[in-house]
Structure formats: structure tokens, C-alpha cells
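Chain letters run A, B, ... following the sequence lines, proteins first, then strands; residues in each count from 1. This is a predicted model, so every value here is computed, not measured.
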2 protein chains.
Amino acid sequence: METTAPTLSRKAQIDQTATALFRRRGYAATSMRELAAALGIEAGSIYSHIRSKEEILHRICFRLADEFMAGLRHATADASASAATQLRRAIESHVRVLIHDADASVVFLHEWRHLSEPALSEFLKLRHDYEAAYRELIARGVEADELQTPDPAFAALTLFASLTWLPNWYRPGGKLGPDQIAERLTDQLLGGLAK
Amino acid sequence: METTAPTLSRKAQIDQTATALFRRRGYAATSMRELAAALGIEAGSIYSHIRSKEEILHRICFRLADEFMAGLRHATADASASAATQLRRAIESHVRVLIHDADASVVFLHEWRHLSEPALSEFLKLRHDYEAAYRELIARGVEADELQTPDPAFAALTLFASLTWLPNWYRPGGKLGPDQIAERLTDQLLGGLAK
DNA sequence: CCTACCGATCGGTAGG
DNA sequence: CCTACCGATCGGTAGG
């Protein structure tokens with residue numbers, strides 16, 4: 001019987017193990033020697049697969065940025081769908097990424113500030129565009145009278161807040177799945193506004 | 001004319017400067033030499049006022065825990081007030097601490113994990129009790145039919161999410177003051193539920 | 001509060 | 001992938 005677990009390349013193993021460590025202890029507090037120990041090799045050996053510690057962080061942050069962006073594009077691809085529907089789909093996609101790639105998501109959310117320039121500015125621009133797209137969706141929904149909220153900007157803030165907080169409480173196998181979480185967020189945070 | 005600015009003790013200056021640095025760069029990524037430079041003294045000199053780097057973090061985290069706890073106690077002291085009123089007052093108090101002590105609040109919210117035992121466990125217990133008190137308030141409000149929400153536990157999560165996210169967007173002098181933010185949070189997050 | 005320093009650890013490299 | 005090591009920097013201390 002052959003093994004079914006796909007064999008990760010050493011580089012992929014490094015990324016995966018580093019992601020878990022960066023999440024648990026923070027990027028700055030994680031040493032390359034800890035990472036090496038977790039991989040069962042010596043510290044120096046890591047550098048035949050990667051160039052620097054920050055390169056790992058860079059890869060994690062921008063890979064996740066890509067995933068979130070791709071989900072958003074997919075959710076808004078159907079121009080015939082209402083803004084409310086596009087928003088719900090976007091939230092669902094975001095929640096799925098958070099849940100499916102939980103460790104990397106938390107690193108993406110909290111450790112990006114340790115990127116140095118010019119990566120830091122690139123990252124912030126991506127995040128700004130992502131958030132702007134959500135604000136735009138909410139604004140369109142309000143304008144089309146599909147959504148109602150007393151303060152669209154505030155609604156967007158609470159939405160991002162809840163999405164960012166999710167990894168702090170979500171446990172796989174809990175009573176709420178991705179779809180139900182997305183539904184609750186869409187309904188409750190935006191004022192139960194899907195009319 | 002006498003100076004009105006109160007002269008901070010050197011220890012208080014160290015705490016204040018460290019708080020700003022810990023917020024901006026993170027606890028682990030902030031060195032005592034950076035802190036010393038920001039204070040205009042040499043690194044070794046800091047240690048005539050404090051015992052260790054972690055002692056500073058400890059003081060920040062537990063001072064803020066005290067502030068949040070005291071606000072909660074004050075908000076719930078009037079037993080004749082409804083649960084909804086107590087909840088609104090508690091949120092107002094929390095928002096005021098976040099805004100008034102912004103740097104320290106962010107350190108409290110994100111850098112506590114660098115505390116070592118037994119402080120870490122003490123801290124987590126305080127936070128757990130604090131969150132439990134909010135869940136209790138929400139549950140009492142729902143039971144008394146003063147609040148309505150499809151899922152009280154979920155409402156509590158979105159509330160903490162929004163409170164934790166606030167320092168990320170709040171700018172002093174913006175259009176929303178503490179009271180209005182607290183009102184929006186109470187109304188919008190809990191389903192516009194103050195009947 | 002400074003000078004001078006401690007041992008430990010950091011990210012990273014050379015050579016095999 | 002390991003051994004052996006680099007210079008830099010870390011938190012912290014002794015002595016004045």
C-alpha cells in the first residue's frame with residue numbers, strides 16, 4: 001500500500017512549520033534554531049532551501065493576500081448578482097480561507113508589520129484595496145436599497161473586526177460551519193439587512 | 001508661570017516610552033537599547049529603575065486589566081439598572097479606556113502572550129472572567145427580553161471583535177466620540193436590540 | 001546615570 | 001544536510 005499523504009518538498013515543510021511557529025510565538029520571537037529543531041535538522045541547513053527568515057514571512061503574507069484577493073474576485077465575478085449577494089459570497093470566501101489556512105491567516109493578519117520595505121508598502125496597498133472593495137460592495141448594496149445600515153463605514157469596520165477576530169475563537173468541528181458563520185456575519189453585522 | 005505638565009518619574013517615563021515602542025514594533029522586536037535611545041540615556045541605566053524588560057510588559061498588561069475591570073464593576077454596580085443599560089455602560093467604559101490609553105490598550109490586547117508563567121495564566125484568567133461577565137450581561141438581557149439576538153454567544157464574539165479592532169481605525173478628533181461609538185456598538189452589534 | 005563588560009543567542013555563511 | 005564558525009546584538013550586571 002502506497003502512502004497517500006503527499007510528500008511536501010523541504011521548502012514547503014519549512015514554510016508550514018514556520019507558519020505554525022510564527023502564529024504561536026510571533027515572527028520576532030521565533031528563532032531559526034527553533035524552526036530547525038522543529039524540522040529535526042540543524043539551523044544552518046535551512047539556508048540551502050531559503051534565503052532568509054523574512055523570505056518565509058513574505059511568502060506567507062503574499063500567498064494569503066493572493067488567496068483572499070482571488071476569493072473576492074470570484075465572489076464578485078457575476079455582474080448580474082446583486083451587491084448583497086456578492087457581499088455574502090465574498091464573506092463566505094474570506095471565512096473559508098481563514099478556516100482552511102488558519103495558521104497562515106493569523107500570520108497574515110498580525111505579523112505583516114515585520115516585513116521590510118518595499119514589501120511592507122506593497123502589502124499595505126493590497127490590504128487597502130481589499131478593504132476598499134468591501135466598502136464599495138456595502139455602499140452599492142445600500143444605494144440599491146438591498147442593504148440598510150445607519151453608517152456604512154461603521155458596518156464595514158465591524159465586519160473586518162469580526163473577520164479578524166474569527167481565528168481567535170473558531171475551532172474546527174464546532175457547531176458553526178463556514179457557511180453559517182458567513183450567514184451570521186452578513187445578517188447580524190450588517191443589521192440583519194439582507195431584506 | 002509654573003509648568004502645568006506633571007513631571008513623570010523616570011520609571012513612569014520608561015513605562016510610557018516602552019508602551020509606545022511595544023505598540024509600534026511589538027514587544028519581542030523592541031530592544032532595551034532602542035528604549036534607552038528613545039529616553040536619551042544608555043541601556044544599562046534603565047536597570048536602576050526596573051528589574052527586567054518583562055517587568056515593564058507585566059505592569060502595562062495588568063494595569064490595563066485593572067482599568068477594564070474597574071470600568072466593568074462600575075458599570076454594573078447599580079443593581080437596579082437593566083441588563084441592557086449595564087451592558088451599554090460597560091461598553092462605554094471599555095471604549096473610553098481604549099481611547100484614553102490607546103498605546104497601552106494595544107499592548108494589552110496583543111503583547112500579553114510574551115508574559116511568562118505564572119503571570120500568563122493570571123492574565124488569561126482575568127481576561128476570561130472579563131469576557132464571561134459580558135456574556136452573562138448579554139444572557140441576562142436576552143432573558144429579560146431587553147435584548148434580542150439569534151445567537152447570544154455569537155453576539156458576544158462580534159462585540160469583542162469590534163472592541164479589539166477599534167484601536168486599528170480610531171483617530172482622536174474623528175467624527176465619532178466614545179459615547180457615539182459605544183452607542184453604535186450596542187445598537188448595531190447586538191442587533192439594534194435595545195428595544 | 002555611565003562605562004565597560006558578561007554569557008547567550010541571533011540570522012546567516014563557508015566549506016565540505 | 002552537517003560542522004564550525006562569523007559579526008552583531010541581545011538582556012542584563014558590576015562598579016563607580
**Student:** To the nearest Å, how far apart are A:Leu35 CG and C:dG11 P?
**Tutor:**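 Computing the A:Leu35:CG to C:dG11:P distance gives 10 Å.
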**Student:** Is A:Ser121 reaching over with its side chain to a backbone N or O of A:Pro118, donor-acceptor style, under 3.5 angstrom?
**Tutor:**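 The answer is no, because no donor-acceptor pair under 3.5 Å joins these two groups.
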**Student:** May I have the distance from A:Lys53 (atom NZ) to C:dT13 (atom C1'), rounded to whole angstrom?
**Tutor:**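 The distance from NZ of A:Lys53 to C1' of C:dT13 comes to 17 Å, rounded to the nearest Å.
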**Student:** Just checking B:Glu55: does its CD atom have more than 12 heavy atoms from other residues, nucleotides or ligands closer to it than 6.0 angstrom?
**Tutor:**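 More than 12 within 6.0 Å, yes.
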**Student:** Of the candidate nucleotides C:dG12, C:dC2, D:dC1, which contains the atom at the shortest distance from the side chain of A:Ile41?
**Tutor:**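 Per side-chain heavy atoms of A:Ile41, the pick is D:dC1.
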**Student:** If pairs are Watson-Crick or G-U with both distances under 3.5 Å, what is the dot-bracket string of DNA chain D, marking crossing pairs with [ ] and pairs to another strand with |?
**Tutor:** ||||||||||||||||
**Student:** Take the protein atom CZ of A:Arg51 and the nucleotide atom P of C:dG12, then report the distance between them rounded to whole Å.
**Tutor:**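 Answer to the nearest Å: 12 Å.
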**Student:** Base, sugar-phosphate, or nothing for B:Ser48, non-hydrogen atoms under 4.0 angstrom?
**Tutor:**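 Touches a base.
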**Student:** Is it true that A:Glu34 and A:Arg25 make a salt bridge, defined as a side-chain N closer than 4.0 Å to a carboxylate O?
**Tutor:**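 Salt bridge flag = yes for A:Arg25 with A:Glu34.
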**Student:** Ignoring hydrogens and angles, does a donor from either the side chain of A:Arg33 or the base of C:dG11 sit under 3.5 Å from an acceptor on the other?
**Tutor:**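 Flag set: donor-acceptor pair detected.
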**Student:** Could you tell me the separation between the CE atom of A:Met32 and the P atom of C:dG12, rounded to a whole number of Å?
**Tutor:**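 It works out to 6 Å between those atoms.
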**Student:** Would you call A:Arg63-A:Asp15 a salt bridge at under 4.0 Å N-O?
**Tutor:**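 A:Asp15 and A:Arg63: not salt-bridged.
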**Student:** Mind calculating the distance between CD1 (B:Ile14) and P (D:dG12) to the nearest angstrom?
**Tutor:**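 The distance from CD1 of B:Ile14 to P of D:dG12 comes to 13 Å, rounded to the nearest Å.
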**Student:** Between A:Arg24 and A:Asp103 (salt bridge meaning N to carboxylate O under 4.0 Å), is one present in this structure?
**Tutor:**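 The answer is no: the pair does not qualify as a salt bridge.
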**Student:** Measuring from the side chain of B:Arg10 (C-beta onward, heavy atoms only), which nucleotide among C:dC1, D:dC1, D:dG11 has the closest atom?
**Tutor:**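 Nearest nucleotide to the side chain: C:dC1.
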**Student:** Round to a whole Å and report the spacing from CD of A:Glu55 to C1' of C:dG12.
**Tutor:**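 Taking CD of A:Glu55 and C1' of C:dG12, I get 13 Å after rounding.
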**Student:** Using whole Å, what does the distance between atom C1' of nucleotide D:dG12 and atom CD1 of B:Ile46 come to?
**Tutor:**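 Atom-to-atom, B:Ile46 to D:dG12, this comes out as 11 Å.
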**Student:** Between A:Thr17 (side chain only) and A:Ile14 (backbone N and O only), is there a donor and an acceptor less than 3.5 Å apart?
**Tutor:**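 Absent.
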**Student:** Hey, is the side chain of A:Ser31 poking within less than 4.0 Å of OP1 or OP2 on C:dC10, counting only N and O atoms?
**Tutor:**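 Indeed, a polar side-chain atom of A:Ser31 lies that close.
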**Student:** If the cut-off is 4.0 Å, is B:Tyr47 near the phosphate of D:dG12, judged by side-chain N/O to OP1 or OP2?
**Tutor:**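 B:Tyr47 to D:dG12 OP1/OP2: side-chain N or O found under 4.0 Å.
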**Student:** Measure CD1/A:Ile56 against P/C:dG11 and give the value in whole Å, please.
**Tutor:**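 Those two atoms, CD1 and P, are 10 Å apart.
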**Student:** If you find the nucleotide of DNA chain C closest to A:Gly44 and the one closest to A:Glu34, which residue's nucleotide is nearer the 5' end?
**Tutor:**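 Nearest nucleotide further toward 5': that of A:Glu34.
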**Student:** Do side-chain atoms of B:Tyr170 reach the backbone of B:Trp165 as a donor and acceptor pair under 3.5 angstrom?
**Tutor:**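 Such a contact is absent between B:Tyr170 side chain and B:Trp165 backbone.
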